[in-house]
Amino acid sequence: MTDLLHGIVDFSDYAELLPLLRTTIIACVALGLVGGAVGVFVMMRDMAFAVHGISELSFAGASAGLLLGVGVVPGSLLGSMLAALVIGALGSRARERNSATAVLMPFGLGLGILCLSLYDGRASNKFGLLTGQIVAIDRTRIVSLLVICAVVMVGLAIVWRPLLFASTDPAVAAARGVPTRALSIVFMALLGAAVAVSVQVVGALLVLALLVTPAASALRLSTSPLRVTALSVLFALLASVGGVLLAAGSSVPISPFVTTISFAVYLVCRAVSAGRGAVAR
């Protein structure tokens, strides 16, 4: 058992490795901010399942980009955007949206696997698209990632108040003249971009750890939109940055650490929420 743990975790060269991970840490900070903020609306609009569907199409787009040589980032972004807009157009209600997502998910996963099977490059690139790769973010890719994250955050800030109203009570918002349909399309585009950048670090299979779990944890502690958003961003940063720091001394991908931290935070938040309920009674 000791030999197994030593083969997985080894912090002997940790100080030398950290400077090499500067761009990845910057990427994780950006993803934590985006994932925490977007995740609040994902939970409010009951779209956790849709996130998984979009990630599968993002994986397919990234795989196609890798195969065709156009790049992982453009392919991932195109796949995410197409999936987000299709899901948004096909399903305005949760049941319809979930049906559309369930149809797209296996198609995206199958298409992505097909592209990877035809790709003759490094096996690490294939594995990284599914489960994340700590060294996947180089100096060139970090620029595009930061630009996309900035666009998402600015777009979210612009539509924050009407989107919050439409997400809390869509019927009343529509009755008061809020363009709920247009807001839904805008949010789906922002969500698609957020998924695209998240896939590059944590992989397509585990993107929920950044876009759903932190917000779900925050909602266990508060109902205030601002407080929930702040806590969600904090939890997402803890998972993303903490995951990359732990993965620096490990031979396994970053995603198991990110998901484990997210799950641990969620369990703590559930325990705190349950404790509050017991005291209230």
Side-chain angles (χ1 to χ4, degrees), residues 30-58 79-81 83-102 104-105 148-149 151-153 155-170 173 180 183-199 201-237 239-240 258-259 262-263 265-266 269:
L31 291 180
L33 293 172
V34 170
V38 172
V40 173
F41 291 101
V42 169
M43 295 301 298
M44 293 180 67
R45 300 172 74 88
D46 192 20
M47 298 185 67
F49 189 50
V51 171
H52 194 38
I54 295 171
S55 70
E56 302 290 5
L57 266 295
S58 179
S80 289
M81 287 298 187
L85 294 177
V86 168
I87 291 174
L90 292 181
S92 58
R93 293 182 300 178
R95 180 178 298 179
E96 295 173 349
R97 186 171 59 241
N98 289 340
S99 298
T101 303
L104 287 174
M105 280 175 56
I148 295 173
C149 287
V151 170
V152 172
M153 293 301 290
L156 202 60
I158 293 173
V159 301
W160 180 273
R161 293 189 65 181
L163 182 62
L164 182 63
F165 188 13
S167 301
T168 304
D169 197 334
T180 55
L183 283 173
S184 179
I185 295 174
V186 170
F187 176 70
M188 290 303 293
L190 295 175
L191 177 60
V195 170
V197 293
S198 299
V199 165
V201 176
V202 296
L205 297 181
L206 302 172
V207 73
L208 296 178
L210 285 182
L211 290 173
V212 173
T213 311
S217 303
L219 286 168
R220 289 283 174 176
L221 301 181
S222 178
T223 57
S224 167
L226 290 179
R227 191 174 300 171
V228 167
T229 302
L231 288 173
S232 179
V233 169
L234 176 63
F235 295 155
L237 287 172
S240 58
V258 174
T259 53
S262 290
F263 184 61
V265 170
Y266 179 73
C269 292

- Nearest heavy-atom contact between T168 and M44 is OG1-CE, 3.3 Å
- Report yes if the side chains of V212 and H52 come closer than 4.5 Å at any heavy-atom pair, otherwise no. no
- Message: Within this structure, what is the CG-OG distance for the pair L231 and S224, rounded to the nearest 0.5 Å?
- Response: 9.0 Å
- Which pair of non-hydrogen atoms, one from A236 and one from G32, has the smallest distance, and what is that distance? CB-O, 3.3 Å
- Message: Using modelled atom types and a 3.5 Å cut-off, is there a donor and acceptor pairing between side-chain atoms of S262 and backbone atoms of T213?
- Response: no
- Can you name the side chain to side chain contact (heavy atoms under 4.5 Å, CB included) partners of A30, sequence neighbours left out? L145, L146, C149
- Query: Where is the tightest heavy-atom contact between T229 and W160, given as atom of each residue plus distance?
  - Reply: OG1-CH2, 3.3 Å
- 4.5 Å side-chain heavy-atom contact, L163 and L156: yes
- Taking all atoms of both residues into account, what is the closest heavy-atom pair of A239 and V258, and its distance? O-CG2, 3.6 Å
- Item | Residue pair T180 / P170: nearest heavy atoms and the distance that separates them | CG2-O, 4.0 Å
- What residues form a side-chain hydrogen bond (donor to acceptor under 3.5 Å, both in side chains) with S80, not counting sequence neighbours? S58
- Message: What's the separation between atom CE in M43 and atom CG in L211, rounded to the nearest 0.5 Å?
- Response: 11.5 Å
- For V40 and S232 the tightest heavy-atom approach is CG2-CB, 3.8 Å
- If you measure from CG on L191 to CG on L85, what distance do you get to the nearest 0.5 Å? 10.5 Å
- Message: Quick check: do L237 and L33 have side-chain heavy atoms less than 4.5 Å from each other?
- Response: yes
- In Å and rounded to the nearest 0.5 Å, what is the OG to CG distance from S167 to L183? 8.0 Å
- CE of M47 to OG of S184: how many Å apart, nearest 0.5 Å? 6.5 Å
- Approximate separation, where rounding is to 0.5 Å, of L221 CG and R227 CZ: 10.0 Å
